[in-house]
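To keep things clear, I will list the structure first and then write my remarks on it.
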Amino acid sequence: MAEIPVITITGPQEKEPKQFFTRVFCLRKEPPPISLLIEYLKARGATPIIPSEVPEKLLNSWNWVGMEIGYAKDKKPILVTCVRKGGAQDDIFKQDIEGLLNFVEAHREIDNWRVVDQLRGCRFYIADVLDKNDITEEGYDFNGWILQFFQENCDGMVQIDGQGYYDENGELLFELPPLDDEPEPPAPHPTPPPPA
């Protein structure tokens, strides 16, 4: 019987990116230029890293589509994208909004009307793409400030995959099921009735 050769790979192996999305559904007509977001992040004490080849004109444009913004030199940047109703990505916009509306409307909750109204009135949404294999607490905080910027300046509502939709005070309005790769939370144990 022939021996099967064993090859040992040395050194750290890169994990395949595990994309994680956070979004802000906005009622305002147009998103602000990236330059205003950069200033907002700096005011929070962050040091946003943008690609050196990005011209000043693009940073000050209201008609941007996407930008990688880093928070640490040794970590992958966060991809901040803008998907507009009636824009070049209109098909994606309609498909995403329709899918989200169908899910929210199928799960009647006390406060889901606020989420439904927000999705129906949405003019554009910001989607941040993060790599769960390459993000730190600092990165999550940095992304939180990006979400907060659009929420505050564009009449936005935040949605986080596997968590839910949040109001302007950070209160959960509508819970989403956990992501497939997240462990299910343990079922609560029934509380025994008090002795009679």
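Positions are given from 1, in the same order as the sequence printed here.
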- prompt: According to a 4.5 Å side-chain heavy-atom criterion applied to Ile, Leu, Val, Met, Phe, Trp and Tyr, with indirect links allowed, do Val24 and Tyr140 form part of one hydrophobic cluster?
  reply: yes

query: Is there a side-chain contact between Leu41 and Phe142, using heavy atoms and a 4.5 Å cut-off?
result: yes

message: Are the side chains of Pro48 and Lys42 in contact, using a 4.5 Å heavy-atom criterion?
response: yes

- request: Can you measure from CD (Gln118) to CE (Met157) and round to the nearest 0.5 angstrom?
  value: 4.5 Å

task: Hydrophobic side-chain clustering at under 4.5 Å (ILVMFWY, transitive links): who's grouped with Ile49? Put none if nobody.
output: none

message: In the structure I gave you, are the side-chain heavy atoms of Leu130 and Gln19 within less than 4.5 Å of one another anywhere?
response: no

task: Can you establish whether the number of heavy atoms outside Glu105 located under 6.0 Å from its atom CD is more than 12?
output: yes

task: Validate the cation-pi geometry between Lys85 and Phe93: distance from NZ or CZ to the six-membered ring centre under 6.0 Å, angle to the ring axis within 45°.
output: no

- prompt: If we only count heavy atoms from C-beta on, is the Ile135 to Phe20 side-chain gap below 4.5 Å?
  reply: no

- request: With sequence neighbours excluded, tell me which residues meet ring-ring contact (aromatic ring centres under 6.0 Å, His included) with Phe103.
  value: His107

Stepwise side-chain contact (heavy atoms from CB on, under 4.5 Å) test for Cys82 and Ile126: CA-CA 5 Å; Cys82 180; Ile126 302 299; 3.9 Å; yes

message: I'd like to know whether Leu101 forms a side-chain contact (heavy atoms from CB on, under 4.5 Å) with Val116, so could you lay out the CA-CA distance, the side-chain angles of the two residues, the decisive distance to 0.1 Å, and finally the verdict.
response: CA-CA 6 Å; Leu101 267 170; Val116 168; 3.9 Å; yes

statement: So CD1 of Ile97 and SG of Cys122: to nearest 0.5 Å the spacing works out to 4.5 Å

For residues 56-64, run the donor-acceptor check on the side chains, cut-off 3.5 Å, and write out each pair with its distance to 0.1 Å, sequence neighbours left out.
| from | atom 1 | to | atom 2 | distance (Å) |
| --- | --- | --- | --- | --- |
| Asn60 | OD1 | Ser35 | OG | 2.8 |
| Asn60 | ND2 | Glu56 | O | 3.2 |
| Ser61 | OG | Asn63 | N | 2.9 |
| Trp64 | NE1 | Pro32 | O | 2.9 |

query: With sequence neighbours left out, what residues match Lys94 under side chain to side chain donor-acceptor pair (under 3.5 Å)?
result: Asp90

query: Can you name the side-chain contact (heavy atoms from CB on, under 4.5 Å) partners of Asn169, sequence neighbours left out?
result: Asp167, Glu171

query: Mind checking what makes ring-ring contact (aromatic ring centres under 6.0 Å, His included) contact with Phe25, not counting sequence neighbours?
result: Tyr125

task: Would you check, one step at a time, whether the test side-chain contact (heavy atoms from CB on, under 4.5 Å) holds for Leu173 with Asn112?
output: CA-CA 7 Å; Leu173 289 173; Asn112 81 336; over 6 Å; no

query: What residues, two or more places apart in sequence or in another chain, satisfy salt bridge (Lys or Arg N to Asp or Glu O under 4.0 Å) together with Asp141?
result: none

field: Residue pairs involving residues 149-160 (criterion side chain to side chain donor-acceptor pair (under 3.5 Å); sequence neighbours excluded)
entry: Arg23-Gln159, Tyr40-Glu152, Gln148-Glu152, Gln159-Asp161

- request: Determine, using the 4.5 Å side-chain heavy-atom cutoff (strictly less than), whether Phe21 and Tyr166 are members of one ILVMFWY cluster.
  value: no

- prompt: So how far is it from Leu36 CG to Phe149 CZ, rounded to the nearest 0.5 Å?
  reply: 5.0 Å

Report all side-chain donor-acceptor pairs from residues 66-74 shorter than 3.5 Å, counting only partners two or more places apart or in another chain.
| from | atom 1 | to | atom 2 | distance (Å) |
| --- | --- | --- | --- | --- |
| Tyr71 | OH | Thr136 | N | 3.3 |

Set of salt bridge (Lys or Arg N to Asp or Glu O under 4.0 Å) partners for Glu30, sequence neighbours left out: Arg84

- prompt: Is it the case that one hydrophobic cluster holds both Val80 and Ile160, taking links as side-chain heavy atoms less than 4.5 Å apart, direct or via other members?
  reply: yes

field: Residues Ile38, Ile50; criterion side-chain contact (heavy atoms from CB on, under 4.5 Å); working and verdict
entry: CA-CA 9 Å; Ile38 300 297; Ile50 55 169; 3.7 Å; yes

For Arg44, salt bridge (Lys or Arg N to Asp or Glu O under 4.0 Å) partners two or more places apart: none

task: Mind checking the CG-CD spacing from Leu100 to Gln95? Nearest 0.5 Å is all I need.
output: 10.5 Å

query: What is the minimum heavy-atom distance between Leu37 and Ile146, and which atoms define it?
result: CD1-CA, 4.1 Å

- line: For Asp128, the side chain to side chain donor-acceptor pair (under 3.5 Å) test, sequence neighbours excluded, returns none

task: Kindly say whether Lys75 contributes a backbone atom to a donor-acceptor pair with the side chain of Asp134 at under 3.5 angstrom?
output: no

